[in-house]
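A note on names: the letters A, B, ... follow the listed sequences, proteins ahead of strands, and every chain is numbered from 1.
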There are 2 protein chains.
Amino acid sequence: MSPMDSAAARDRALDAAEELFYARGVQCVGMDELRGASGVSLKRLYQLFPAKEQLVAAYLARRDERWRGRLAAHVARQRDARERIPAVFDWLEEWFGEAGFRGCAWINAHGELGATSALVTEQVRAHKEAFRDCLAALVDDARLPASLAGPLFLLAEGAMVTAGITGSTRPAAEAREAARTLMAAAGRGGLSRPAPTA
Amino acid sequence: MSPMDSAAARDRALDAAEELFYARGVQCVGMDELRGASGVSLKRLYQLFPAKEQLVAAYLARRDERWRGRLAAHVARQRDARERIPAVFDWLEEWFGEAGFRGCAWINAHGELGATSALVTEQVRAHKEAFRDCLAALVDDARLPASLAGPLFLLAEGAMVTAGITGSTRPAAEAREAARTLMAAAGRGGLSRPAPTA
DNA sequence: GACAGCGGAGAACGAGCGTTCTCCACGCGG
DNA sequence: CCGCGTGGAGAACGCTCGTTCTCCGCTGTC
């Protein structure tokens, strides 16, 4: 291989990292196994990423880009701005049903390394913030109150966690229905007051 | 120490396990460190728990009991059955604000070991199912439609994850407001219909 | 006081890991 | 055709970890 495709080596390393880290957890996969799966020599791996931690961070960063790209593409297919919000949950449902789905990579990575690696924590926070911003933009486009973004985000996060733990796609549908209810209530004007107590 | 307090040794082992596993992650804490922190000899540890995995499962099981006990106690302070549901989120908010809060122990354990340990996965599923059942009972007591339990559960899970990642207690308040809105909408009669599309 | 048995301290073991080093085959400038 | 440097394969290193073993002191009994 010519020296020039260190970019290709990087891609192959990240491909292998994504597949293995996501499927089995970061700590379960050694650098040697990564070398075997990617075909990139250990020497090269350490040239590209000075330590495993950086490879993990790069894996999360690239996955973040792709994940948000896929979500945005799916959502953009809806003409009606208000339908784009339920479409987020449609897309989650599709994702949850994919073979090999094992929950949210960032939540998993945070559970595994959040206490240990500041770099990973940073990636996780950045990803979640970006996702939240994405929802906020959809809420804004739909001319709904900005305060809706937080709850929608929480519903989506809860759905991801629950789908990851139970292996079911159902949380996506539940979250979508709840999101619709919240949108309708917000459209009706502001957040609810407490239920009448006496 | 008399041979009889193997129960006490068990408790001390679990105390140390809970503190260290929760704070730093399971894989970061070795059996030797656990011995140092608990004062229980390695030999005894392995008599009580044939392998680390069992100790992890026991830690999660005991924490589950205590966690749900604390939640139930807090919720029971509300007279009005409908106020017990927001009270769940009040309690979450308190929890999120505690020193050393680092997210949901079960979600973290699942992220760390879900792909590896069937025993741990089982504990996580059992805990989440129990929590969900608890919410379902509160919904039932409040004479609200059973379909509310799922969305409330998702809001709570989303809040736990988000609080764990961001370190803020705010997700609890957001989830509580959303829960109130969903309760009000359900009280008003059933789930929302999709917004008018044409 | 002698002895059997239990329990604790910590060494030992074997495996796996992240990281580095050694060695060799290959391609290129003179 | 000959050195030279680049890059790959994989051995090696040092460390940590889960688990087991060895040794020793203590205690309760005769």
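- For B/K43, no side-chain nitrogen or oxygen approaches OP1 or OP2 of C/dG8 to under 4.0 Å.
- For the pair A/M160/B/E157, no side-chain contact is recorded, criterion being any heavy-atom separation below 4.5 Å from C-beta on.
- Between A/W67 and A/W91, the ring planes lie perpendicular to each other; the angle is over 60°, past the 30° to 60° tilted range.
- Across the protein-nucleic acid pair, A/K52 atom NZ and C/dG16 atom C1' stand 11 Å apart, rounded to whole Å.
- Within the 4.0 Å cut-off from OP1 or OP2 of C/dG8, at least one side-chain nitrogen or oxygen of B/R44 is found.
- Nearer the 5' end of DNA chain D, as judged by each residue's closest nucleotide, is the contact made by A/V40, out of B/G30 and A/V40.
- In terms of position on DNA chain C, the residue among A/V29 and B/R35 whose nearest nucleotide sits closer to the 5' end is B/R35.
- As rounded to whole Å, 12 Å separates atom P of C/dC17 from atom CG of A/L42.
- The side chain of A/S41 lies closest to D/dG8, out of C/dG8, D/dG10, D/dG8.
- The separation between A/L34 atom CG and C/dT19 atom C1' is 14 Å, rounded to whole Å.
- For A/F131 and A/W106, the gap between ring centers reaches or exceeds 6.0 Å.
- Of the listed nucleotides (C/dG10, C/dG18, D/dG18), C/dG18 has the atom at the smallest distance from the side chain of A/M31.
- To the nearest 0.5 angstrom, B/L119 atom CG is 10.5 Å from B/L113 atom CG.
- In this structure, CD of B/E33 is placed 17 Å from C1' of C/dG10, rounded to the nearest angstrom.
- For A/Q27 and D/dC15, the CD to P distance is 20 Å, given to the nearest whole Å.
- When rounded to the nearest whole Å, the span between CG of B/D32 and P of C/dA11 equals 10 Å.
- One can place CG of A/L45 at 17 Å from P of C/dC21, the figure rounded to the nearest angstrom.
- In terms of heavy-atom proximity, B/Q78 sits nearest to B/R84 at O-NE, 3.0 Å.
- In this structure, CD of B/Q47 is placed 6 Å from P of C/dG7, rounded to the nearest angstrom.
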